[in-house]
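Some notes on the structure that comes next.
Just so we're on the same page: letters track the sequence lines, and every chain starts at 1.
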There are 2 protein chains.
Amino acid sequence: MLNSPPSREHDAEARRERLLKAAATVFAKDGFEKASLRAICLKAKANVAAVKYYFGSKDGLYREVFLSSCQDSMKEDAPVTLADGGTPEDTLRRWIHHLLDHVLLKRAKNPVKSQIMAHEMREPTPCLNEFIKLVVRPFHEELQRIIAAVMGRRAADEDCILYCHHIIGLCIHYDHCRVFVDRLGPPVPKTAPEVQRLADNIADFVLGALTSRRASPSKTASRSKK
Amino acid sequence: MLNSPPSREHDAEARRERLLKAAATVFAKDGFEKASLRAICLKAKANVAAVKYYFGSKDGLYREVFLSSCQDSMKEDAPVTLADGGTPEDTLRRWIHHLLDHVLLKRAKNPVKSQIMAHEMREPTPCLNEFIKLVVRPFHEELQRIIAAVMGRRAADEDCILYCHHIIGLCIHYDHCRVFVDRLGPPVPKTAPEVQRLADNIADFVLGALTSRRASPSKTASRSKK
DNA sequence: TGTGTTTATAAACAGCTGTTTAACTTATTG
DNA sequence: CAATAAGTTAAACAGCTGTTTATAAACACA
């Protein structure tokens with residue numbers, strides 16, 4: 001008779017993990033729309049119908065990839081906090097260095113997460129709110145506390161909140177707009193010493209700004225008191 | 001017999017423009033991959049084969065939309081320059097306000113350009129280099145001159161170049177990462193008075209930083225002299 | 001008016017997509 | 001052990017996509 005088909009794979013957990021990993025890579029490279037389940041399943045050595053079985057749909061697979069990515073973020077490097085000790089100014093320096101090290105070195109070696117995040121920002125799903133709540137907001141709030149300590153104000157001061165956005169925006173610009181920065185020069189840092197130098201430059205700039213604003217609440221803050 | 005088909009449209013130029021306009025809208029909303037030629041042509045009241053005829057392919061249509069977008073950028077609001085008069089500090093304030101007004105108000109009413117640009121940043125084509133050369137670089141260099149005037153340095157000073165990136169990154173963060181800022185609060189400005197208030201806050205912050213760095217070249221700059 | 005060329009477009013093509021179906025295999029339960 | 005449930009997977013389905021083909025209509029010219 002004909003040859004019997006090869007024996008089936010039994011390790012469901014391993015297959016599921018392979019699918020998640022392959023999907024992350026393909027979604028990162030191609031984006032959600034262009035990424036095809038056949039490409040993902042070829043890479044994962046899995047059957048196309050497995051996507052429906054394990055994840056319900058292409059959307060479900062994407063959601064799971066994104067959520068895994070969020071959970072990974074929470075396991076990463078210990079964040080820099082005021083409780084670490086040192087002056088608030090030194091803490092802010094370390095915080096800035098830590099963020100730049102993360103986005104310019106660590107993430108650059110594995111662009112899957114940032115590319116999935118870029119896609120998510122363009123077409124937010126409910127996953128994004130979860131990510132913001134679990135990962136981004138605590139991070140943001142600790143920076144607020146650091147800024148407030150530098151400035152001798154309450155963390156809920158509206159200036160402190162805005163300065164958080166200013167500082168984060170300034171730092172991640174070097175990652176998000178890398179195609180521009182690289183062409184306008186100087187190139188985006190690629191080594192730890194280069195990152196340290198940029199971090200120092202930014203920290204000096206930022207601390208200069210915060211120090212100068214210490215005694216001068218902005219018109220924004222004073223108007224909000226009416 | 002059967003009804004004769006309606007007469008053909010003869011205005012090729014009008015059809016081509018309609019296609020460009022519809023494509024811009026659909027590409028902006030759906031991204032390149034998800035945008036379908038049938039959706040674009042339905043919107044433009046044109047035949048699907050017209051894309052091949054006028055633009056060669058879907059890619060060609062996209063390229064033309066992007067180049068039109070770059071040319072529009074060059075016709076927009078007169079840039080703020082030192083030659084406008086006033087102190088360098090006031091010029092910088094106006095510059096920051098102008099940028100925020102542009103990205104938060106004008107562009108927000110027509111998100112086509114920023115969304116196409118986001119796509120281009122993810123998958124750069126040669127068009128991007130053209131755009132950087134013609135639009136972004138002159139803009140960037142004028143900001144460098146303004147910063148240098150505030151700081152009493154040469155425009156080619158490496159700190160001035162980096163501060164350009166810092167300032168631009170900080171400002172455009174409110175547009176690029178709007179999904180984050182809106183959820184973390186306070187909401188991204190949507191009215192002219194709100195934009196003015198944010199611009200003032202940023203200008204105070206930035207001028208505070210530049211003033212504090214005036215007498216202290218950073219370690220970056222001083223090391224580069226070795 | 002007739003002829004050759006160009007333009008515009010309906011229809012078809014070829015291929016790809018995510019999802020569903022059906023059949024088989026394996027595991028579990030009574 | 002038999003029956004049932006769960007898991008795996010090839011094949012099929014239904015629909016969509018960008019591109020190509022074929023042809024009518026329009027244009028230009030003698």
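- In this structure, B/A12 reaches the sugar-phosphate backbone alone: every heavy-atom distance under 4.0 Å involves primed, P, OP1 or OP2 atoms, never a base.
- Mapping A/N47 and A/A39 onto DNA chain C via the closest heavy atom, the residue that lands nearer the 5' end is A/A39.
- One can place OH of A/Y54 at 8 Å from P of D/dT9, the figure rounded to the nearest angstrom.
- Using bins of under 30°, 30° to 60° and over 60° for the plane-to-plane angle, the ring pair A/F139/A/W95 lands in the tilted bin.
- For B/H173 and A/H166, the distance between ring centers is not under 6.0 angstrom.
- As rounded to whole Å, 16 Å separates atom P of D/dA10 from atom OH of A/Y53.
- The shortest non-hydrogen separation linking A/I147 to A/C164 is CD1-N, 3.6 Å.
- Taking atom CG on A/L37 and atom P on C/dT19, their separation rounds to 7 Å, with Å as the unit.
- As judged by a 4.0 angstrom heavy-atom cut-off over every strand, B/V48 is placed among the base-contacting residues.
- In this entry the distance linking CD of B/E33 with C1' of C/dG18 reads 16 Å, nearest Å.
- A/R38 comes within 4.0 angstrom of a nucleotide base, judged by non-hydrogen atoms across all strands.
- Atom P of nucleotide D/dG7 and atom NZ of A/K52 are separated by 15 Å, given to the nearest angstrom.
- Of the side-chain N and O atoms in B/R15, one or more sit less than 4.0 angstrom from OP1 or OP2 of C/dT9.
- Taking atom CG of residue A/L61 and atom P of nucleotide C/dT19, one finds them 10 Å apart after rounding to whole Å.
- What separates NZ of B/K34 from C1' of C/dG18 is a distance of 14 Å, to the nearest Å.
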